Amino acid sequence: SITDNAELLHMVEKCGQLNKTKIAEGGRKLRKCWASSWLVLAGNSLMFYKDPKVTAAWTPSGSRPESSVDLRGARIEWARDLSSKRNVFHFRTVTGNEYLLQSDNEAVSQDWYQAIKGVIQRLDQE
Ligand code: I3P
């Protein structure tokens, strides 16, 4: 039914392309491997897709992202010392998964930083 389907949908706050590397998994350091990723910020989650497939205002949870992280309790900060690249920010989940996210376009990086930080702050206040 429409209602059932609606429950499988997340409102998309922002989507777009960023360079991404995961640098830790559950607190264990990983080797950097930068790659382009399609990000979808929706609800309490940040989802990473390989390709920019999901561009609609709504994304069905059936279109499985490569990975998805819960933003509740996450931390975000600019990371000038963690990469030779510019406009890099560091993102850490409560479970100890850490990512660096980057765009050569400063405004793009700034917009993503603010959007993710906004969701984290909203969740902190709940
Ligand atoms: C890494 C690769 C990364 C680089 C990283 C290198 O080498 O060049 O792009 O990170 O630097 O170690 P490899 O491909 O051999 O793993 P940045 O681009 O973010 O600087 P790092 O070890 O100083 O973090």
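Every value quoted in this text rests on a predicted model; they were computed, and no experiment measured them. First listed ligand is number 1; within each ligand, the first listed atom is number 1.
Within a 6.0 Å sphere centred on NZ of K50, heavy atoms belonging to other residues, nucleotides or ligands number 12 at most.
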Could you pull out the N/O contacts under 3.5 angstrom between ligand 1 and the surrounding protein atoms?
unit_1	atom_1	unit_2	atom_2	d
ligand 1	10 (O)	K32	NZ	3.2
ligand 1	15 (O)	R31	NH2	3.1
ligand 1	16 (O)	R31	NE	2.9
ligand 1	16 (O)	R31	NH2	3.1
ligand 1	18 (O)	W34	NE1	3.3
ligand 1	18 (O)	K85	NZ	3.3
ligand 1	19 (O)	K32	NZ	2.9
ligand 1	19 (O)	W34	NE1	2.8
ligand 1	19 (O)	S83	OG	2.5
ligand 1	20 (O)	S84	N	2.9
ligand 1	20 (O)	S84	OG	2.7
ligand 1	24 (O)	K32	NZ	2.5

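Evaluation of the side chain to side chain contact (heavy atoms under 4.5 Å, CB included) rule for K14 yields L41, D111, W112, A115 as partners, not counting sequence neighbours. For the side chain to side chain contact (heavy atoms under 4.5 Å, CB included) test, residues two or more places apart in sequence or in another chain that qualify with D104 are R86, Q102.
S103 places a side-chain N or O within donor-acceptor distance of the main-chain N or O of N105, the cut-off being under 3.5 Å.
For the pair Y99 and I23, the minimum side-chain heavy-atom distance is 4.5 Å or more.
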Donor-acceptor pairs under 3.5 angstrom involving side-chain atoms of residues 68-80: please list them, not counting sequence neighbours.
unit_1	atom_1	unit_2	atom_2	d
D70	OD1	R72	N	3.1
R72	NH1	E126	OE1	3.4
E77	OE2	H90	ND1	3.3

